[in-house]
Amino acid sequence: MTVSDATLRPFETAELGLADFAAALAQGRISSVAAVGAALDRIEASQPTLNAFRIVRREKALAEAAAADERLASGARLPLLGVPIAIKDDTDIAGEPTAFGCGGDLPPKTEDAQAVRRLRAAGAVIVGKTNTCELGQLPFTSGAAFGHTRNPWGAEYTPGGSSGGSAAAVAAGLVPAALGSDGAGSVRIPTAWTNLVGIKPQRGRISTWPAAEAFHGLTVNGPLARTVADAALLLDTAAGPNPGDLHTPEPLTVSDAVGRDPGRLRIALSLRIPFTATRTALHPEVEVAVQRIATTLRRLGHSVTVADLHYGIMIGASFLPRSLAGVSHVHDRMPGIQVDPRTTANVRFGRALSGPALFAARQAETLLHKRIGGFFRDYDLVLAPTTATPPPRAEEIDGIGVNATNDLITAACPYTWPWNVLGWPAVNVPAGFTDNGLPVGAQLMGTANTEPLLVSVAAQLESEIHWERHRPEPWW
């Protein structure tokens with residue numbers, strides 16, 4: 001839906017994207033109180049079925065919306081003034097607990113995370129905190145503390161994880177965009193499975209403060225939206241360092257790349273699955289979808305060559321200690337939380353890996369940058385599947401042990417985690433649907449600080465495919 005001169009009715013805001021929402025508010029076509037109230041009504045009506053949110057901030061959000069209306073009436077103009085936004089429940093909001101998918105009685109935080117401060121400074125109204133799995137470990141959004149978050153494209157299926165609540169909220173039209181985090185694909189996977197755009201930025205692009213880095217450099221914050229332009233806008237708004245951050249890339253404006261011609265690019269189509277200790281295979285319908293994206297890129301004038309990226313065993317050996325040590329460190333900073341036995345097992349493994357193995361894993365990153373970076377002497381970016389399979393059923397994660405869980409999640413999602421080790425940017429783009437109507441995605445992957453290049457190519461694809469026109473039929 002695009003902005004026109006007509007006054008908006010509150011229910012129509014479910015169709016608006018982020019930029020159009022901000023424009024409608026600035027033009028006085030709807031008030032922030034009405035728009036935020038409508039978003040809250042949609043959220044609360046969907047909670048018993050879709051279950052996207054852990055915390056809904058009705059009273060606080062409406063008060064913030066009223067303040068935004070006063071600022072709008074006085075002539076103030078900010079990028080997201082009065083726009084409702086959702087935040088994943090691994091990110092601190094003052095006055096709310098950060099449960100990170102866990103159970104237990106947790107105290108409210110006293111300060112906003114840096115990313116939240118930047119969104120507030122841009123005028124955004126945060127309507128709530130979205131569900132995530134325990135400590136971000138799974139490509140499912142499920143947990144004993146809150147149940148299952150469901151996929152708007154099919155109630156039986158997971159929206160993915162760990163930013164699944166954010167993905168479900170945006171895909172269902174509850175909010176126009178949301179912030180998530182990505183430590184092994186946790187923005188890219190759920191956006192692939194809900195027909196959204198998800199950007200995993202360069203490490204440090206969006207601050208993870210109060211953590212100087214998250215999960216030993218694996219995890220970054222990133223936007224989820226229906227369109228490339230909206231995802232880029234949210235990224236630009238949230239981006240920026242905090243004093244004490246360990247990673248502070250040179251600033252750039254990603255939104256400027258939307259609609260910009262990237263030129264004729266050399267793109268490697270890599271379907272090869274990175275090394276895994278369990279058996280994995282690419283689902284035929286996902287392969288067909290990624291091949292369709294490759295065909296579209298060729299039609300746009302790019303050179304697309306089948307050229308598998310060989311990751312090697314070292315990158316997996318670097319990922320595991322950083323991931324599990326991160327799980328143990330976050331767990332130990334949250335005394336009193338209640339977690340699944342599988343999480344408890346991972347915490348034990350993480351403690352064992354937190355010494356020499358973690359040190360060696362961090363030291364390996366420079367070598368990995370050099371070796372994998374050499375691939376980009378011949379190619380400008382890589383096109384690969386985001387996941388190996390379509391969305392699994394939500395309950396598949398229930399009642400199984402550690403080994404079976406690892407087999408399940410590795411078989412579904414073996415493609416995304418290497419870029420977390422490298423710290424480089426990647427973008428999920430919707431790649432179509434399976435025969436039974438479930439979304440799948442493809443990822444564009446670049447080297448350091450290539451978000452503008454990736455965004456310009458993703459926007460080209462969107463202009464051809466128009467994935468934003470496809471919305472799920474509401475069942476929630």
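Everything numeric in this text was worked out from a predicted model, so none of it was measured.
Closest approach of P176 and L16 over heavy atoms only: CB-O, 3.6 Å. Minimum heavy-atom separation, P418 to P274: CG-CG, 3.8 Å. Closest approach of F215 and L135 over heavy atoms only: CZ-O, 3.7 Å.
Pairs passing the side chain to side chain donor-acceptor pair (under 3.5 Å) check and including a residue from residues 425-453, sequence neighbours excluded, read R188-Q443, T191-N428, R205-N449, R205-E451, T386-N428, T434-N436.
A donor-acceptor contact closer than 3.5 angstrom links the side chains of E468 and H466. Side-chain atoms of N131 and T141 form no donor-acceptor pair, as typed in the model, at a separation below 3.5 Å. A donor atom on one side chain and an acceptor atom on the other are found under 3.5 Å apart for H148 and D398. Side-chain contact check for E464 and T296: no donor-acceptor pair (N or O, by modelled atom type) lies under 3.5 Å. Between the side chains of T98 and D92, at least one donor N or O lies within less than 3.5 Å of an accepting N or O. If you check the side chains of K88 and S181, you find a donor sitting under 3.5 Å from an acceptor.
One N or O on the side chain of E134 and one on the backbone of D340 form a donor-acceptor pair closer than 3.5 Å.
Between I87 and the options I93, I55, D112, T130, a side-chain contact (heavy atoms from CB on, under 4.5 Å) holds for only I93.
The salt bridge (charged side-chain N to carboxylate O under 4.0 Å, His left out) search around D332 returns R351, not counting sequence neighbours. With sequence neighbours excluded, the residues satisfying salt bridge (charged side-chain N to carboxylate O under 4.0 Å, His left out) with R322 are E365.
Within a 6.0 Å radius of CD in E395, other residues, nucleotides and ligands contribute more than 12 heavy atoms.
In this structure, Y157 has its ring center at least 6.0 angstrom away from the ring center of W193.
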